Amino acid sequence: MPSTEPNTVEDTQLGLTDEEINLLRYHQAQAGGSSSSRAASRASSQGRLLLDSSSLAALSRHLDRLMHQIQQRIEYLSEQSSVVTMQQYDHAGNLVDNADAEIARFQNIMAQIDELELDFDRIAHIRDIVRDYRQRVENLERELENSSSSRREHHHSHRHSHSHRHEGGSSGRRHRH
C-alpha cells in the first residue's frame, strides 16, 4: 500500500493559510463517525485531505455543527454585549438623571442660602435700627432721670418756700413752683 492514497489531496494545495490547514487537520481528525474516519484521520496526519464522499460528508457535517455552535456563541455574546451596553447606557442615564437631581437640589440649597442671607441682612438692618432706638430711649430715660432727679434736688432744696395744694378728686400731687 503506497503512503499516499490516490483519493487524497495535499491540504497545502487547497489554498488555505497555515492556521486554516491546522484547523482542517484537527477537525478532519475530530469528524470521525464512519469506517472511513480512520482513513481520514490517517490522511490528516499525513497532511492530506481524503476525497471520498462519506469522509467529506462527515467532515462537512462536523464543520456545519461547529459553525452553528460558533454562530450561537456569537449571537449570545452579541446579546450580552447589547445587555452590557444597555446597562451602561441606563447607568449613564441614571448618572445623568442623578446628576440633574443633585444639581437641582444644589440649586435649591443655594436659593435657600441666598434667601437666608437676604433675611440675615434684613434682620441685621432691623437689629441695628432697634439698637439705635434702644440707645436713644436709654439716653432719653437717663436724661429724664437726670432731669427728674435734678428737679427733685432743686425741689428739695426749695421745699419749704413752696406751698402744696391738694386738688379734689385727684390722688396725685401737683407741685407748683
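What you see is a predicted model; the values in this text were computed from it and never measured. All residue numbers in this chain count up from 1 along the given sequence.
- Residues satisfying the side-chain contact (heavy atoms from CB on, under 4.5 Å) test with E138, not counting sequence neighbours, are R134, Q135, R142.
- The nearest pair of heavy atoms linking L16 to D11 is CD1-O, 4.4 Å.
- Between S60 and L56, every side-chain heavy-atom pair lies at or beyond the 4.5 Å cut-off.
- Criterion: ILVMFWY side-chain heavy atoms under 4.5 Å apart, direct or through other members. Under it, V9 and L24 are part of a common hydrophobic cluster.
- S147 meets the side-chain contact (heavy atoms from CB on, under 4.5 Å) test with R151; sequence neighbours excluded.
- The structure places CZ of R48 at 11.0 Å from CZ of R25, a figure rounded to the nearest 0.5 Å.
- Taking CG of L23 as the reference point, atom CD of E20 lies at 7.5 Å (rounded to 0.5 Å).
- A chain of hydrophobic side-chain contacts below 4.5 Å, direct or via other Ile, Leu, Val, Met, Phe, Trp or Tyr residues, connects F106 to I109.
- Under 4.0 Å is where a charged nitrogen must lie from a carboxylate oxygen, and between D119 and R122 at least one such pair does.
- The environment of CG in D18 is sparse: at most 12 heavy-atom neighbours from other residues, nucleotides or ligands sit within 6.0 Å.
- Judged by the 6.0 Å and 45° rule, R136 forms a cation-pi pair with Y133.
- For the atom pair CD (E141) and OG (S148), the distance works out to 12.5 Å, reported to the nearest 0.5 Å.
- When the side chains of ILVMFWY residues are joined at heavy-atom separations under 4.5 Å, either directly or via intervening members, L66 and I74 end up in a single hydrophobic cluster.
- In the hydrophobic clustering of ILVMFWY residues, with side-chain heavy atoms under 4.5 Å counting as a link, L63 and L51 come out together.
- Between Q112 atom CD and N108 atom CG the span is 4.5 Å, to the nearest 0.5 Å.
- The nearest pair of heavy atoms linking H27 to H62 is ND1-NE2, 2.8 Å.
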Tell me which donor-acceptor pairs under 3.5 Å the side chains of residues 84-93 have, and how far apart each pair is, sequence neighbours excluded?
from: T85; atom 1: OG1; to: S81; atom 2: O; distance (Å): 2.7

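- Distance check, rounded to the nearest 0.5 Å: CD1 of I123 to CG of D128 gives 12.0 Å.
- Linking ILVMFWY side-chain heavy atoms closer than 4.5 Å, directly or via other members, places L59 and L14 in a single hydrophobic cluster.
- Checking side-chain atoms of N98 against main-chain N and O of N94 turns up a donor-acceptor pair under 3.5 Å.
- Distance CG/L49 to CD/E10: 11.5 Å, rounded to 0.5 Å.
- Counting non-hydrogen atoms of neighbouring residues, nucleotides and ligands closer than 6.0 angstrom, the CD atom of E19 reaches no more than 12 such neighbours.
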